[in-house]
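Just so you know, residue 1 is the first one in the sequence shown, and it goes up from there. In each ligand, atom 1 is the first atom listed, and ligand 1 is the first ligand listed.
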Amino acid sequence: MSTNRAPFALAAALLLAGCEGAQTSLAGDGAEGMQVIRLGILFLAVTTLAYLLVLAFLAAAIWRRRPVGEERDQAVGKRNRASDPPRFRTMLIGWVAFVTIGLAVLTIASFFTDRGMAQTAARPAISIEITANQWWWDVEYEGSEPSRTVRTANELHLPVGVPAHITLKSNDVIHSFWVPNLAGKQDLIPGRVTDITLLPKKTGIYRAQCAEFCGVQHAHMALDVTVESRADFTRWWNAAIQPARPPTTPLALAGYNYVTTRECRMCHNITGTPASGRVAPDLTHFASRRSIAAGTMPMNRGNLYGWIADPQSQKPGSKMPYIGLEPAELHAVVAYLEGLK
Ligand SMILES: [Cu+2]
């Protein structure tokens, strides 16, 4: 490839790369996302055509510049200017018709897109409540009976092809719920309840992100979204309603004793243990998640040590405090948390 073409090839590659990945609004992996993309393409086509026509009119006006002064007096005899007004009128009528029809097409298409999205929302099969906090997501699945209710944090599991109605609330400031691969954004406003319906069309792992600036750790307010088959989703739900696994080693038992009797229990819930706080993420199946601290870092032992030892160096401003664990306590707490699959 010649070096002249390299920038264009790079731009094309970047553009196409934008259609793939775990966090892109160009993929259309959900019903609503796909409808919005189709509408966006229609808008792009009509407005691009209008733009090209304006450029063409501008070029024609420059090309057919009317002479002025002496130049004009000389030119009058040479050119037949009588044909100009009818042609101008035809073009003006054509332009007005194009603008009118173009705007009508976009308005009608917007109406049907909106109706399509409303139809998806009219037949939800799963109800989920998500509460935004600075800076994490509290997620609760409504079960057919109270014992089947699932509470988790910073992760969302969805079965493919099933509409999920999500009720959105906020505990502090305005946040915005956005799974770009699946749908558009929806704000979470303190004191108000909003909602959105997601209908994923493709299995995969996506990254959702708070889309409204909500404080210093706004960028570290992500949500891991797993879209899976209905069988896998049912398996996940059945595992998620189980109480926490008991510790299996002496070290993990020491960690269990610390977590369930000291500071941790005041804020965190671990179902099946005395830890029953409600103001911080539920830790019952903490180790089965993909990330720590709302997408701040991947779930692994090294990051877990770093997070527990000094949360404020990892996510300054978060409400997870520095406790000052002794090394033996840190090893024990990490060993226990790692077992919470
Ligand atoms: Cu936020």
Exercise for the section: Angle at the Cu ion (ligand 1): provide the value between ND1 of H175 and SG of C210, rounding to 10 degrees. Expected result: 130°
Practice task
Return yes when atom CZ of R151 has more than 12 non-hydrogen atoms of other residues, nucleotides or ligands closer than 6.0 Å, and no otherwise.
Solution key: yes
Exercise for the section: Look only at the side chain of T284 and the backbone of T271, and say whether a donor-acceptor pair between them is shorter than 3.5 Å. Expected result: yes
Practice task
Please determine if the Cu ion (ligand 1) has an N/O/S atom from H218 lying under 2.8 Å away.
Solution key: no
Practice task
If you have a sec, read the angle at the Cu ion (ligand 1) from M221 atom SD over to C214 atom SG, to 10 degrees.
Solution key: 100°
Handout entry: N-O pairing of E32 and R38 below 4.0 Å
Key = no
Handout entry: CE-CZ distance between M299 and R290, expressed to the nearest 0.5 angstrom
Key = 10.5 Å
